[in-house]
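In what follows, a structure is listed as structure tokens, so that the remarks can point back to it.
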There are 2 protein chains.
Amino acid sequence: MQYQQLIEATLATKSYGTSPKELYDPIEYIMSLGGKRIRPLFVLAGCDMFDVDVNNALPAALAVEIFHNFTLVHDDIMDEAPLRRNKSSVHKKWNNNIAILSGDVMLVKAYQELCRSDATLLPQLLNVFNDTAVKVCEGQQLDMNYESLFKPSIPQYLKMIELKTAVLLGGSLKMGALIAGVDEKNAQLLYEFGKYIGIAFQLQDDILDVYADVEKFGKQKGGDIVANKKTFLLLKAMEMAEGKRYTKEELHQWISAPNVAAAEKVEAVTAIYDFLNIKELARAEMKKQYDTAIKFLNEVKANPAKKANLVALADSLMVRES
Amino acid sequence: MQYQQLIEATLATKSYGTSPKELYDPIEYIMSLGGKRIRPLFVLAGCDMFDVDVNNALPAALAVEIFHNFTLVHDDIMDEAPLRRNKSSVHKKWNNNIAILSGDVMLVKAYQELCRSDATLLPQLLNVFNDTAVKVCEGQQLDMNYESLFKPSIPQYLKMIELKTAVLLGGSLKMGALIAGVDEKNAQLLYEFGKYIGIAFQLQDDILDVYADVEKFGKQKGGDIVANKKTFLLLKAMEMAEGKRYTKEELHQWISAPNVAAAEKVEAVTAIYDFLNIKELARAEMKKQYDTAIKFLNEVKANPAKKANLVALADSLMVRES
């Protein structure tokens with residue numbers, strides 16, 4: 001897709017600073033690790049939707065990509081994640097202090113980039129960006145709370161992924177639309193589309209961890225199961241196991257077993273999921289979120305061909321098996 | 001001073017958010033620990049200088065104070081500082097992850113606050129704020145590099161404190177001036193005044209750690225000496241001891257001694273400082289920076305009585321012994 005190339009080309013020529021190198025090398029590093037660049041794509045798509053030159057939206061597109069990578073750097077410290085995109089995470093390659101401070105300056109750089117947008121649009125754009133950024137932080141805190149403190153309900157889990165992941169996709173589309181000069185109502189409809197699509201993406205990630213075709217997925221299946229990650233699947237399984245005494249007990253045993261072989265645990269928990277029909281329940285929830293997204297998109301007053309393009313883009317991200 | 005009260009009153013009614021409480025409680029906590037509120041005072045003073053209602057400058061004043069406190073939260077993690085204003089630092093009272101994430105959201109909140117300024121001024125204000133914020137991060141990285149990596153020269157040390165501490169004072173005054181509608185040239189002159197005053201403040205802090213009247217200073221003397229902190233005094237002493245073989249060796253021994261009584265070390269290193277005339281040399285450097293600041297202020301086209309007020313405010317901060 002041509003927008004992907006525009007984004008990669010823009011990122012490739014971008015310099016974040018040089019000195020002190022301990023501050024700027026990690027930024028070059030994380031930004032060059034790649035990824036699908038969904039968020040900047042959504043900024044450009046939000047602008048293109050209304051037939052406005054997407055070059056106007058490049059600063060905002062870069063801003064959301066830098067912001068997203070800032071969250072990855074700080075989240076990886078908090079989650080003690082050694083790897084990011086199959087390479088060392090920033091805090092592992094350097095150290096925690098450098099990861100904290102590089103992340104901080106990335107957040108400022110994201111604002112600097114955003115501020116290169118048309119000055120008359122700045123108040124609106126900053127409003128969306130700030131609001132989204134706060135929500136992303138709230139989502140990360142809820143994620144940490146849920147992992148360490150208690151078992152969230154399914155609605156709590158959905159709210160958490162909405163904040164941590166989905167609102168930034170909504171915000172990206174909305175900023176693109178605002179840059180195209182669209183009224184608040186249509187921009188907000190695109191925001192809602194992006195938000196529900198984002199929730200659907202995360203549910204798909206949860207499903208793929210367990211049910212992906214390993215050949216295409218390119219990484220070991222069941223990482224979430226091994227780590228006892230509270231995904232939609234696990235929470236749904238816990239919910240469905242209520243009243244099924246032996247299933248509940250068995251699931252609980254696998255979760256609390258201290259030294260269990262990973263492959264064995266993945267196989268056993270997957271079998272429980274299968275028994276409880278979790279894959280279909282998760283897919284149904286994903287479809288529900290996806291359909292809600294489409295409903296919002298249908299209400300947007302825009303070029304129908306461009307709306308179809310956005311659905312195609314979303315679908316290409318939905319059916320991916322990696 | 002009435003501006004101090006205006007700032008405290010505004011801060012007292014300010015709410016940063018409520019849920020999740022792990023994210024917002026630390027913000028309430030650090031913002032309520034007090035401090036001299038120099039930066040927001042400088043924002044208001046920069047506006048008042050040109051006889052414009054300082055209420056226009058309140059959002060920017062709050063923004064710099066929130067930003068400053070964000071840097072304290074993250075710096076305290078990096079420096080492993082257990083105390084802040086004689087209370088537990090955020091990462092000690094909660095934990096590192098909460099301190100990282102609360103700090104992140106504070107940085108966003110600072111932008112949110114700044115964005116409540118007059119929309120037509122936003123591009124200019126954000127320009128100053130972003131530029132200053134980047135420099136503060138660079139200064140913190142240089143500080144960490146210098147503490148752990150090598151012995152900086154005096155010019156390197158001065159550059160570091162300029163970035164880490166002084167530019168935010170300059171930026172605060174400049175934002176106040178821009179809010180008053182002043183041209184870039186006069187706003188920049190105020191920036192330079194604030195910057196050099198900020199360097200003078202830091203040099204005074206370095207001096208006070210060793211030479212303050214303990215009664216007035218309210219904390220133990222020589223904390224920097226005990227911690228081998230590379231202050232202006234220590235770096236100047238190292239420089240002056242070059243060529244004085246026994247003094248140099250003695251200073252080196254005190255710095256590298258592993259288990260030495262704090263009081264004994266402070267007394268001995270202070271004696272070396274006295275022998276090398278370090279207090280006077282530091283005071284001379286401080287006066288030089290102060291005089292440079294005044295030179296810039298003299299060039300500002302503003303109400304002379306208001307300029308005198310700003311000098312009085314700076315002096316009240318300079319001669320303080322706590």
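Just so we're clear, the structure is a prediction, and the values are computed from it rather than from any experiment. Heavy atoms only: backbone and side chains are in, while hydrogens, waters and symmetry mates are out. Chain letters run A, B, ... following the sequence lines, proteins first, then strands; residues in each count from 1.
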(request) Identify the heavy atoms of A:Met78 and B:Asn97 that sit nearest to each other, and give their distance. (result)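 The answer is O-ND2, 3.1 Å.
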
(request) Please report the closest heavy-atom contact between A:Val105 and B:Cys137, naming both atoms and the distance. (result)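 Heavy atoms only, the tightest pair is CG2-CB, 3.9 Å.
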
Using a cut-off of 6.0 Å, state whether more than 12 heavy atoms not belonging to [X] lie near its atom [atom1].
{"X": "B:Lys14", "atom1": "NZ", "answer": "yes"}
{"X": "B:Lys92", "atom1": "NZ", "answer": "no"}
{"X": "B:Glu239", "atom1": "CD", "answer": "yes"}
{"X": "B:Glu147", "atom1": "CD", "answer": "yes"}

(request) Before giving the answer on side-chain contact (heavy atoms from CB on, under 4.5 Å), spell out for A:Asn127 and B:Cys115 the whole-Å C-alpha distance, their side-chain angles and the decisive distance to 0.1 Å. (result) CA-CA 8 Å; A:Asn127 194 24; B:Cys115 288; over 6 Å; no

(message) Within this structure, what is the CG-CD1 distance for the pair A:Asn145 and B:Ile98, rounded to the nearest 0.5 Å?
(response)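 With rounding to 0.5 Å, CG (A:Asn145) is 7.0 Å from CD1 (B:Ile98).
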
(message) Quick check for you: to the nearest 0.5 Å, what is the distance between A:Ile100 atom CD1 and B:Ile100 atom CD1?
(response) 4.0 Å

(request) May I ask you to test the B:Leu107-A:Val108 pair for a side-chain heavy-atom distance under 4.5 Å? (result)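 A side-chain contact under 4.5 Å exists here.
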
(message) Using side-chain heavy atoms (C-beta onward) and a distance below 4.5 Å, is A:Asn96 in contact with B:Ile77?
(response)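 The answer is no; the side chains never approach within 4.5 Å.
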
Contacting moiety of [X], where chain A heavy atoms sit under 4.5 Å:
{"X": "B:Asp104", "result": "both"}
{"X": "B:Ser19", "result": "backbone"}
{"X": "B:Leu23", "result": "both"}

(message) For the interface with chain B, which of A:Lys109, A:Gln140, A:Glu138 has the highest count of heavy-atom pairs at distances below 4.5 Å?
(response) A:Glu138

(request) Output the option from A:Pro123, A:Pro20, A:Gly17 having the highest count of non-hydrogen pairs under 4.5 Å with chain B. (result) A:Pro20

(message) With side-chain contact (heavy atoms from CB on, under 4.5 Å) as the criterion, how do B:Gln112 and A:Val134 come out once you've worked through the C-alpha distance, each side chain's angles and the decisive distance to 0.1 Å?
(response) CA-CA 10 Å; B:Gln112 258 180 338; A:Val134 167; 3.9 Å; yes

(request) Quick one: which of B:Tyr111, B:Phe129, B:Tyr24, B:Phe70 has the most heavy-atom pairs under 4.5 Å with chain A, could you say? (result) B:Tyr111

